[in-house]
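Chain naming here is simple, since letters A, B, ... match the order of the sequence lines and numbering starts at 1 in each. What you see is a predicted model; the values in this text were computed from it and never measured.
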2 protein chains.
Amino acid sequence: MTDTLDTRFIVKQFENYIPLSCKDKELVSSLVKPPVTYLKNTSVWHQGTSSERFYILSKGWVYAYRNMEDGTRQVLDLYVPGDIIGLREFAFRKRGSGLMTLSNAELYPFSMPQLSTLFAHSPSLCNVLFTIVARHQAILLERMVNLGRRSAREKLAHFLVELSERLRRVQRIPGNALELPVPQALLADALGLSVVHVNRTCRELKENGLVMPAGSGLTILDLEGLRKVAQFDAYYLEHDAETLSAYLRTSAEANVSPDC
Amino acid sequence: MTDTLDTRFIVKQFENYIPLSCKDKELVSSLVKPPVTYLKNTSVWHQGTSSERFYILSKGWVYAYRNMEDGTRQVLDLYVPGDIIGLREFAFRKRGSGLMTLSNAELYPFSMPQLSTLFAHSPSLCNVLFTIVARHQAILLERMVNLGRRSAREKLAHFLVELSERLRRVQRIPGNALELPVPQALLADALGLSVVHVNRTCRELKENGLVMPAGSGLTILDLEGLRKVAQFDAYYLEHDAETLSAYLRTSAEANVSPDC
DNA sequence: CGCCGCGTTGAAGAAAATCAAAGCACGTGG
DNA sequence: CCACGTGCTTTGATTTTCTTCAACGCGGCG
């Protein structure tokens, strides 16, 4: 409750989309509460529980999954810092998926009604949030393509490239080789494959010099090579700031927001 | 441009979520333009073209697809009347998927900037639209589970049950047997299978008395049976009107909307 | 030391793809 | 009215991809 709370990280996530007015920044800041931390491999929420909160991930990696009746699991989403998590349960009573940490993690909590508050007070932020869920939907779509119409090799390559692209957008790359702390069992459940087959496919990529094992996870050695294998097209990760601004200009001829 | 334009169908789609104020209804109505019609098996838009419009489907069936470089195709979405189509390209420059009609179809067009206008003028509608995309995302997630972790048999059954559930929510069922005009090639591309395999799987279901061929498409004979095969749980199709109202109450203590 | 989580490997089997060819309904033109 | 083409379904035979089962390796840690 002290004023030492650093809201810059949160504000920055929204400003990735369009510059915010002072008022909007203050509005966002006023909703920020202290972040919560979770240890590696712990549950943030379980599937079936009530969906009152959403989060912005600030540190670490987490993933959303769905447990099936026959004991198998589908990993639905893998989140990196900056990602907003849980918006899709807006106006749902229960969560359709669980959320687990892959590493130690830090998350900023928000309540769903706060989202409605945001909508009520700032059309700009409303547009930004809509853009965010639209982009997220594009990612899910691409993952459907991956699950439905690509070979194991392509699936894996595509998944890795997407991940590193998303990381690159949120933090500077630490050199050329990128290390992803993703165990093979997780890859399997994300790609709809068996662990064994993921392992063999990893070996293939390894033998081609594209990746390298690194503890529990792997390191990308040749991003361009992977991109070629996956026929990766990053269009779906790029929102269009100009288009969004144009929408806002069109709509907001009335509301002049007092700038700082 | 005449006043004979019937906006009730459109307004109804939004009122599925919460009751709208007079002002909101008028706002929605004011954005409605005459519907456009397309013949069976024609393209509404192509992947890669600019995304200036979205639509509300009023009659017929359409589907969104993605063509792959190797000539294969993934069907991403199958829409029935009442569905809102194209929201996910909000603030994207280009469409990530094409849209084709499966039957003769009628769609009400809206422009993307109109959406921003809506946001700026009505927090309630903003909430409704957010709920709609959240629900849509839940559907995509379920489809990911389907693609990743279910057998051909289960995939097919699940797809059919989802479809009939969604239909049931939008129009009264014409008896017990429901006819779905979906060719097998489409099922294949939606489920990530080959046409041949879909055909064989259909035969299995047929032999179990669950479905029946019907022209180009099939008829559901035993919905409960299919439900069991797919282990279908409809949670993800149910938004929660009460929760949404509660959000609105919490947030809108300030803005009292003048009721009719 | 011994257990646990994760990666790795081989062998066998199942599920689904591919290839190739018919069949069948429907509409069109001769 | 029939021949013909077209789009979709159906079927069989074969091959590929991926799964399952089973086992072992290996580093970390109580």
Q: Give B:V196 one of three labels, base, sugar-phosphate or nothing, depending on what nucleic acid heavy atoms sit under 4.0 Å from its own.
A: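 Base, at least one base atom sits under 4.0 Å.
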Q: Counting only side-chain N and O atoms of A:R203, is one of them less than 4.0 Å from OP1 or OP2 of C:dT9?
A: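 Affirmative; the distance criterion is met.
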Q: Please name the residue in the list B:R135, B:E162, B:E165 that meets the side-chain hydrogen bond (donor to acceptor under 3.5 Å, both in side chains) test with B:Y236.
A: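 Going through B:R135, B:E162, B:E165 one by one, the side-chain hydrogen bond (donor to acceptor under 3.5 Å, both in side chains) with B:Y236 is satisfied by B:E162 alone.
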Q: Could you tell me how far apart A:R200 (CZ) and C:dA12 (P) are, to the nearest whole angstrom?
A: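 Computing the A:R200:CZ to C:dA12:P distance gives 13 Å.
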Q: Any salt bridge linking B:E142 with B:R150? Criterion: basic side-chain nitrogen under 4.0 Å from a carboxylate oxygen.
A: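 Yes, B:E142 and B:R150 are salt-bridged.
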Q: Categorize A:G192 for me: base, sugar-phosphate, or nothing, with a 4.0 angstrom heavy-atom threshold over every strand shown.
A: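 Counting heavy atoms under 4.0 Å across all strands, the contact made by A:G192 is with sugar-phosphate only.
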Q: Check A:L218, A:L163, A:L160, A:V75 against A:V182 for a side chain to side chain contact (heavy atoms under 4.5 Å, CB included) and give me the one that passes.
A: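 The residue from A:L218, A:L163, A:L160, A:V75 that satisfies side chain to side chain contact (heavy atoms under 4.5 Å, CB included) with A:V182 turns out to be A:L163.
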Q: Nearest whole angstrom, please: distance from the P of C:dA11 to the NE2 of A:H197.
A: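 Value for this atom pair: 18 Å.
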Q: On DNA chain C, compare the nucleotides closest to A:P183 and A:R149; which residue's is nearer the 5' end?
A: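 Its nucleotide being nearer the 5' end, the pick is A:P183.
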Q: For a quick check of understanding: with a heavy-atom distance under 4.0 Å over all strands, which category does B:S216 fall into, base, sugar-phosphate or nothing?
A: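 B:S216: backbone/sugar contact only, no base atoms under 4.0 Å.
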Q: In whole Å, what is the span from the CG atom of A:D189 to the C1' atom of D:dT19?
A: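 These atoms are roughly 14 Å apart.
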Q: Would you please confirm or rule out a distance under 4.0 Å between OP1 or OP2 of C:dT8 and any side-chain N or O of A:Q184?
A: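 Yes, such a contact exists.
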Q: In whole Å, what is the span from the CG atom of B:L191 to the C1' atom of C:dA15?
A: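 Spelled out: CG on B:L191 to C1' on C:dA15 is 15 Å.
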Q: Let me know the distance between CZ of B:R153 and P of C:dA14, rounded to the nearest Å.
A: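 After rounding, the reported distance stands at 17 Å.
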Q: B:K206 has an atom NZ; how far is it from atom C1' of D:dT9, in whole Å?
A: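 Distance check: B:K206 NZ to D:dT9 C1' gives 8 Å.
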Q: Does B:K94 pair with A:D240 as a salt bridge, N-O distance under 4.0 Å?
A: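 No salt bridge links B:K94 with A:D240.
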Q: Quick one: label B:K155 by what it contacts on the DNA or RNA (base, sugar-phosphate, nothing), any heavy atom closer than 4.0 Å.
A: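 No contact at all - B:K155 keeps every heavy atom at 4.0 Å or more from the nucleic acid.
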Q: Rounding to a whole Å, what distance do you find between B:L187:CG and C:dA17:P?
A: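 Going from B:L187 (CG) to C:dA17 (P), I get 13 Å.
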Q: Rounding to an integer number of Å, can you tell me how far B:L193 CG sits from D:dT17 C1'?
A: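 The distance from CG of B:L193 to C1' of D:dT17 comes to 14 Å, rounded to the nearest Å.
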Q: To the nearest 0.5 Å, what is the distance between NE2 (A:H46) and CE (A:M100)?
A: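 Here the interatomic distance stands at 8.5 Å.
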Q: With respect to the phosphate group of C:dG7, does any side-chain polar atom (N or O) of A:N199 fall under 4.0 Å of OP1 or OP2?
A: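 Checking C:dG7 against A:N199, no side-chain N or O comes under 4.0 Å of OP1 or OP2.
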